[in-house]
Q: 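Structure in structure tokens, see below.
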Amino acid sequence: MRVALIGSADFGKAALEAFLDRGDEVVAVFCPPDNPKSSKPEALKEAAIARGLTPLQFASLKGSEAAQAMIDSKADSCVMAYVLQFVPQELCKIPKHGTIQYHPSLLPKYRGPSAINWAIALGEEKSGLTIFCPSDGLDEGEIILQKEVAIGPDDTLGKVY
């Protein structure tokens, strides 16, 4: 399968490595532009380069350049994993089979980038992973699959992640 990936950080890196290790053809990797204020390299970008892929870094995914890059990739499917930029529905609909998104929580609870942190901080006994078809809302859309993971009393963000 020809997969386009939109993501960032270790979550995006893990998705990239899983698809490549599974034998999928990753045809595009979209990640955020470099942050000149950060001394830490972007994990997904570094993983893409290490695997011989050229990361695509657009200031915005709303523009025609991002859409053209997705069209040019001829992706069968797109997967979003820890996305920090708004992704318009027009971009999500370009791949032949559309787009799915991975989110590290049991949606609809704890949307956004600190989902695991909030679950731990508020004493939840479980969290998990949600795979869904993204709509234009923040971490909204039809849920396809959820997997639960227990949160122990001494668990940290790293352990739950």
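Computed from a predicted model, the values in this text were never measured in an experiment.
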Q: Same cluster or not: Leu106 versus Leu129, using hydrophobic residues (I, L, V, M, F, W, Y) connected whenever any side-chain heavy atoms lie under 4.5 Å apart?
A: no

Q: Can you tell me which residue pairs pass the side chain to side chain donor-acceptor pair (under 3.5 Å) test with a partner in residues 46-59, sequence neighbours excluded?
A: Asp21-Arg51, Asp34-Gln57

Q: Checking side chain to side chain contact (heavy atoms under 4.5 Å, CB included) for the pair Phe30/Val87: CA distance, chi angles, key distance, verdict?
A: CA-CA 11 Å; Phe30 295 79; Val87 181; over 6 Å; no

Q: Which pair of non-hydrogen atoms, one from Ser73 and one from Val27, has the smallest distance, and what is that distance?
A: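 Closest approach of Ser73 to Val27: O-CG2, 3.5 Å.
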
Q: Mind checking whether Val29 and Phe19 sit in one hydrophobic cluster, side chains of I, L, V, M, F, W, Y counted as touching below 4.5 Å?
A: yes

Q: Which atom pairs, one a donor and one an acceptor, fall under 3.5 Å between side chains of residues 137-148 and the rest of the protein, sequence neighbours left out?
A:
residue: Asp139; atom: OD1; partner: Gln101; partner atom: NE2; Å: 3.3
residue: Asp139; atom: OD2; partner: His103; partner atom: NE2; Å: 2.9
residue: Asp139; atom: OD2; partner: Gly112; partner atom: N; Å: 2.6
residue: Gln146; atom: NE2; partner: Leu107; partner atom: O; Å: 2.8
residue: Gln146; atom: NE2; partner: Thr130; partner atom: OG1; Å: 2.9
residue: Glu148; atom: OE2; partner: Lys126; partner atom: NZ; Å: 3.1

Q: Applying salt bridge (charged side-chain N to carboxylate O under 4.0 Å, His left out), name anything that partners Lys62, two or more places apart in sequence or on another chain.
A: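 Once residues adjacent in sequence are excluded, Lys62 has no partner under the salt bridge (charged side-chain N to carboxylate O under 4.0 Å, His left out) criterion.
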
Q: Do you know the tightest heavy-atom contact between Ser127 and Pro104?
A: OG-O, 4.0 Å

Q: Are Val26 and Ile131 connected, step by step, through hydrophobic side chains (Ile, Leu, Val, Met, Phe, Trp, Tyr) whose heavy atoms are closer than 4.5 Å?
A: yes

Q: So which pairs with a foot in residues 4-16 pass side chain to side chain donor-acceptor pair (under 3.5 Å), sequence neighbours left out?
A: none

Q: Quick one: do Val79 and Met1 end up in the same hydrophobic cluster if we chain Ile, Leu, Val, Met, Phe, Trp and Tyr together by side-chain heavy atoms under 4.5 Å apart?
A: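 Both belong to a single hydrophobic cluster.
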
Q: What are the two closest non-hydrogen atoms of Tyr102 and Ala15, and how far apart are they?
A: CE1-CB, 4.4 Å

Q: Does a side-chain heavy-atom distance below 4.5 Å link Leu91 with Ile6?
A: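 Yes, side chains in contact.
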
Q: Can you see which heavy atom on Pro134 is nearest to which on Phe132, and at what distance?
A: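 Pro134 and Phe132 have their closest heavy atoms at CD-O, 3.4 Å.
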
Q: Over all heavy atoms of both residues, which pair between Ile120 and Asp155 is shortest? Give the atoms and the distance, please.
A: CG2-O, 4.1 Å

Q: Check Leu5 against Ala81 and note the closest heavy-atom contact, atom names and distance.
A: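 Scanning both residues, the minimum pair turns out to be CD1-CB, 4.4 Å.
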
Q: Enumerate the salt bridge (charged side-chain N to carboxylate O under 4.0 Å, His left out) contacts for residues 99-120, please, sequence neighbours excluded, ordered by first and then second residue.
A: Lys109-Glu124

Q: Per the side chain to side chain donor-acceptor pair (under 3.5 Å) rule, what does the pair list look like for residues 76-97, sequence neighbours excluded?
A: none

